[in-house]
There are 2 protein chains.
Amino acid sequence: MGRGKIEIKKIENTTNRQVTFSKRRSGLFKKAKEISILCAADVGVIVFNSTGRLFDFASSSMKRLLERYRNASGGRAWNNEYEQMLSQFRNLKKENEELQKELSCVTGEDVGTLAPNQLDFLEGNLVLAAKKARERKIEVLKYERRKTESKVIGLQQKCSILREWLSNPEIPEEYDLDNSGGQTPPPPGFRRQPNQPNLQGGG
Amino acid sequence: MGRGKIEIKKIENTTNRQVTFSKRRSGLFKKAKEISILCAADVGVIVFNSTGRLFDFASSSMKRLLERYRNASGGRAWNNEYEQMLSQFRNLKKENEELQKELSCVTGEDVGTLAPNQLDFLEGNLVLAAKKARERKIEVLKYERRKTESKVIGLQQKCSILREWLSNPEIPEEYDLDNSGGQTPPPPGFRRQPNQPNLQGGG
DNA sequence: CCAACTATATATAATGC
DNA sequence: TGCATTATATATAGTTG
């Protein structure tokens with residue numbers, strides 16, 4: 001319907017395609033609006049152009065229309081994602097309940113429903129778990145002790161270095177060792193390299 | 001576009017409305033198809049007529065179109081139900097993960113990440129839980145023992161009744177005690193009250 | 001790139017069977 | 001009720017500014 005008849009196939013010229021899209025889109029939406037009014041219909045139109053931009057029209061509310069569509073189509077053409085999520089949701093919920101139950105059993109909160117042999121098994125597991133926790137605790141404590149020890153050794157070394165340094169007569173005057181406020185002097189071995197005797201060699 | 005111009009307002013005549021709906025619906029779908037082909041667009045049309053019947057058209061797949069629409073519209077006109085479920089879903093998932101972690105900690109499977117004081121706490125809890133399980137087990141066992149004992153006592157009573165009954169010369173002839181097939185005689189103490197001596201009083 | 005403008009193709013309201 | 005016809009209203013392709 002225009003000056004010349006056109007074949008219904010993709011318009012290759014980009015600008016031409018965009019112009020036609022714009023015109024026909026408004027035409028489509030107009031028709032949708034008309035049928036909705038004339039025939040008391042609920043109409044929704046969704047269009048993505050070739051560049052992926054979205055245009056839509058809804059005679060009432062797209063949200064309500066789509067909800068209605070989901071009910072009416074009965075999953076036929078409905079969103080797989082939705083259905084999948086629904087089943088996953090149910091699974092998760094079930095799993096969650098089981099976990100919670102298991103957890104309450106395992107902490108001894110809800111042991112009322114268990115049979116003696118189950119209780120026996122549970123007790124064994126708990127004792128084992130407690131043992132594991134204890135072992136791990138000891139391991140960690142040992143590790144921390146080693147760390148502390150090596151720290152102490154390091155401090156002792158520094159201390160002996162400091163002592164040696166103090167017994168050294170070459171104390172520069174600008175360092176006031178009794179100064180408790182203000183800036184502390186830089187620790188020996190880090191800042192006094194320029195005028196310090198070689199401690200490593202000096203023993 | 002027809003013999004006469006019509007005003008765009010609801011057609012009150014039902015049959016007329018239905019006819020117009022049918023014609024315009026096919027026209028709308030045709031236009032949707034044309035724009036999708038001409039302009040390489042992705043188009044979907046959803047229509048409910050005034051009686052609530054659903055008609056739809058999609059250039060590709062309505063399912064994919066609606067998924068795409070959900071992404072593109074960014075929840076603007078999207079299904080509340082869906083969004084709500086999505087957030088609930090995320091919460092559940094998170095909760096689930098936490099439960100699982102907690103459970104694996106509590107069973108001593110994954111204690112590697114815990115600090116010594118946490119381990120201490122865990123150990124205490126596990127010992128307590130084990131104790132609870134043990135207590136419950138003992139309780140259940142005691143209960144079952146009591147049940148068994150009372151059963152034994154009941155059996156002993158029945159036994160003594162039977163013994164007394166056997167030593168009683170007034171055995172009715174219709175009772176065949178060696179009868180292994182057929183109907184068993186009614187147990188003493190329940191059916192023979194009429195011609196039985198008072199056992200409670202008799203000692 | 002947009003709007004206005006035709007000339008023409010299409011859609012469809014009214015009609016008839 | 002539903003389909004075919006037809007006269008007319010609309011939509012729009014191509015064109016112009």
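By convention in this document, chain letters (A, B, ...) are assigned in the order of the sequence lines, proteins followed by strands, and residues within each chain are numbered from 1.
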Practice task
Write down the distance between NZ (B:K5) and C1' (C:dA11), rounded to a whole number of angstrom.
Solution key: 16 Å

Practice task
Could you tell me the separation between the CG atom of A:L92 and the CD atom of B:E97, rounded to the nearest 0.5 Å?
Solution key: 9.0 Å

Handout entry: Presence of donor-acceptor pair under 3.5 Å, side chain of B:K23 and base of C:dA11
Key = no

Fill in the blank from the handout: Whole-Å distance, A:R24 CZ to C:dA11 C1', equals 12 Å

Exercise for the section: Verify the neighbour count for atom CZ of B:R134: are there more than 12 heavy atoms of other residues, nucleotides or ligands below 6.0 Å? Expected result: no

Practice task
Would you indicate what A:S22 reaches in the nucleic acid, counting non-hydrogen atoms under 4.0 angstrom: base, sugar-phosphate, or nothing?
Solution key: nothing

Exercise for the section: Using whole Å, report how far CG of A:N16 lies from P of D:dA13. Expected result: 8 Å

Exercise for the section: Can you tell me the distance, in whole Å, between the CZ atom of B:R17 and the P atom of C:dA14? Expected result: 15 Å

Practice task
Between A:R25 and B:M1, just flag the one whose closest nucleotide in DNA chain D comes earlier from the 5' side.
Solution key: B:M1

Exercise for the section: Measure from the side-chain N and O atoms of A:S22 to the backbone N and O of A:V19, and report whether any donor-acceptor pair falls under 3.5 Å. Expected result: no

Fill in the blank from the handout: Among D:dA9, C:dT10, D:dA13, the one nearest any side-chain atom of A:I6 is D:dA13

Exercise for the section: Find the distance A:E7:CD to C:dA9:P and express it as a whole number of Å. Expected result: 15 Å

Exercise for the section: Verify the contact: side-chain N or O of A:R3 to OP1 or OP2 of C:dC5, cut-off strictly under 4.0 Å; return yes or no. Expected result: no

Problem - Short side-chain N/O contact to C:dA13 OP1/OP2 from B:T20, under 4.0 Å - result: yes

Fill in the blank from the handout: Whole-Å distance, B:Q18 CD to D:dT1 P, equals 7 Å

Practice task
Verify whether one side chain among A:N13 and A:T15 offers a donor that lies under 3.5 Å from an acceptor in the other.
Solution key: yes

Completion exercise
Across all chains, not counting sequence neighbours, the salt bridge (charged side-chain N to carboxylate O under 4.0 Å, His left out) partners of B:E149 are B:R145

Problem - Interface with DNA chain C, restricted to residues 28-42 of chain B and to heavy atoms under 4.0 Å - result: B:K30, B:K31

Completion exercise
Considering only heavy side-chain atoms of A:T15, the closest of C:dC1, D:dT10, D:dT12 is C:dC1

Handout entry: salt_bridge(A:R64, A:E67) N-O dist < 4.0 Å
Key = no

Practice task
Take the protein atom CZ of A:F21 and the nucleotide atom P of C:dC2, then report the distance between them rounded to whole Å.
Solution key: 13 Å

Practice task
Measure from CG on A:N13 to P on D:dT15 and round the result to the nearest Å.
Solution key: 13 Å

Exercise for the section: Could you tell me whether a side-chain N or O of A:R17 sits under 3.5 Å from a main-chain N or O of A:I11, the two making a donor and an acceptor? Expected result: yes

